[in-house]
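Step one of this worksheet: look at the structure below.
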Amino acid sequence: MDRVNPATEESLDPIESDDEADVEAALALADEVYPAWSERRLEERRQLLQNAAEVLRENEEEYAELMTREMGKPIEGARSEVEKCAWVCEHYAEYAETYLADDVHQSSPEAKALTSYEPLGPILAVMPWNYPFWQVFRFAAPNLVAGNVGLLKHASNVPGCAQAIEEVFLEAGFPEGAFQSLIVGSDPIEDVIADERVRGVTLTGSEPAGRAVAQTAGKELKPSVLELGGSDPFVVLEDADVQTAAEVGTRARTLNSGQSCIAAKRFIVHDAVYDEFVSAFVEEMSGLTVGDPSEDDTDVGPQAREDLMDDVHEQVQETLDAGATLETGGEPLDREGYFYPPTVVSDVPRDATMATDEVFGPAAAVFRVESEDEAVELANDSTYGLGGSVWTEDLDRGERVARRIESGCVFVNELTKSDPRIPFGGVKDSGYGRELSEHGMKEFLNEKTIWVQ
Ligand code: NDP
């Protein structure tokens, strides 16, 4: 696997990929280890997850630097990501017993009827490079503690992270085979999903990858969870705290150098506060520090790959050609590395590229609306439905508007974020199924009914 540091364009040492025999050996080991793993006492699995949290914290700097090197994440964000992975491990170590407790059905008094939650077996996770630790841990923590075993096919540009994550679990004391990384591209994945030893598949990534994986999972009758992209609306109503909305909106658009599925992408602003918002937003966006991701004070690093930066630039250009106005940014930086500056494009026509497509970089599209109804209608005028954010000083109104937005989650006066305690996932082309919380834990469990007469 070739690796390139996106900040310097330097090649990193390549990592040897797994061949067919290695993949077969991994599947055989997963299958072999599963029965004993699933029968281990829950208390022991919880303790191992707690150990994993400790391993993550002990090696935080090493893992953070690895992410920064492989995909260019600003180092402060990389450290927070490792911390968040420790949190999700601790969360499931603490709550697994509660989440996995039987449901006793009181509505059938003539017999004892209950649902028990039982693991399925080896589960495959196809994961992306943008949060190379977090996306994996939010899958692994609930599944491992529930008794499934994990197989990871990570993105081809972060094989070092894939290996490091496998090491975390081994160092924490998990048995060999409970969690394994397959160092492969996407070609063998269809066969891995089809393999009878694999009992389910989850993918986080693009829509085409999601469709390919879901097609195979459907054909093979295996449960799947898809967390695909988003083009989240960030709705600023006329009674919003405009300055705070501009500050939080800037973070929401540029977090992880703009490469986040739940980043705010379409800023839908009421006419009464439009000029004030655009001016504050442009000031915030253009004030960010862009540069070396290994520096503590860098806000925006490089895009993870050159083709991804080129995609963002093309989307901005097409939107300007369609009649939008460039407020700041708009050209790749003239330096080594794949740097795209924080960019704001205003008065975006509804059929322009940045209105219809996901923009996976630090470029924001701003739309003008005349009313709450028009804001909701525009927010919902998307093939995606992942997250959303609504800004208003009237909290009842915020909740009302939130209920009208077609997405997996909406945050009022806050940016959209993932949190181990609450469910996460999308509707429409953003995918299906949920991750995190009790809901995410149950996606790959057999909800078994037991009736005792
Ligand atoms: P991909 O969807 O191609 O990559 C995500 C993962 O899916 C990687 O592990 C990739 O492997 C794998 N994959 C790709 N195609 C297949 C397939 N046919 N069968 C099985 N696995 C597959 O994303 P990109 O890296 O190309 O990014 C492109 C766009 O995807 C971004 O611009 C963004 O819009 C979206 N995206 C969304 C993410 C999210 O968080 N929802 C995360 C990343 C990207 P490999 O790397 O080997 O190709």
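Ligands are counted one by one from 1 in listed order, and the atoms in each one are counted from 1 as well.
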Those atoms of ligand 1 less than 4.0 Å from some heavy atom in [X]:
X	answer
Ser156	45 (P), 46 (O), 47 (O)
Glu227	41 (N)
Ser186	13 (N), 16 (C), 17 (C), 19 (N), 20 (C), 21 (N), 22 (C), 47 (O)
Arg305	24 (P), 25 (O), 26 (O)
Cys261	39 (C), 40 (O), 41 (N)
Val213	20 (C)
Ala155	8 (C), 9 (O), 46 (O)
Pro128	42 (C), 43 (C)

Salt-bridge criterion met for [X] and [Y] (N-O under 4.0 Å):
X	Y	value
Arg197	Glu24	yes
Arg79	Glu60	no
Glu207	Arg211	yes
Asp419	Arg138	no
Glu377	Arg350	yes
Lys417	Glu414	yes
Arg251	Glu247	no
Asp232	Arg266	no
Arg57	Glu83	yes

So does [Y] get a backbone contact from the side chain of [X], meaning a donor-acceptor N/O pair under 3.5 Å?
X	Y	result
Asp22	Leu182	no
Tyr432	Gly425	no
Glu443	Arg434	yes
Arg69	Ser294	no
Asp31	Ala26	no
Lys442	Tyr117	no

For [atom], what is the closest protein heavy atom, and at what distance to 0.1 Å?
atom	answer
atom 6 (C) of ligand 1	Met127 O, 3.7 Å
atom 28 (C) of ligand 1	Leu308 CD2, 4.0 Å
atom 32 (O) of ligand 1	Phe360 CB, 3.4 Å
atom 34 (O) of ligand 1	Glu358 OE1, 2.8 Å
atom 1 (P) of ligand 1	Ser206 OG, 3.5 Å
atom 12 (C) of ligand 1	Val126 CG1, 3.6 Å
atom 14 (C) of ligand 1	Ala209 CB, 3.6 Å
atom 10 (C) of ligand 1	Lys153 CE, 4.1 Å

Can you find a protein heavy atom closer to atom 4 (O) of ligand 1 than 4.0 Å?
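No, there is none.
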
Which bit of [X] is near ligand 1, meaning a heavy atom under 4.0 Å away: side chain, backbone, both or neither?
X	result
Tyr131	neither
Asn157	neither
Gln135	side chain
His154	backbone
Ala212	side chain

Within the structure, does Gly185 bring an N/O atom to less than 3.5 angstrom of an N/O atom in ligand 1?
no

So, regarding Thr204 and ligand 1 (criterion: nitrogen or oxygen to nitrogen or oxygen, under 3.5 Å), is there a contact or not?
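Thr204 vs ligand 1: no N/O contact under 3.5 Å.
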
So, does Asp311 sit close enough to ligand 1 that a heavy atom of it is under 4.0 Å from the ligand?
no

Is Glu190 near ligand 1, meaning one of its heavy atoms is under 4.0 Å from it?
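For ligand 1, residue contact (heavy atoms, under 4.0 Å) with Glu190 is absent.
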
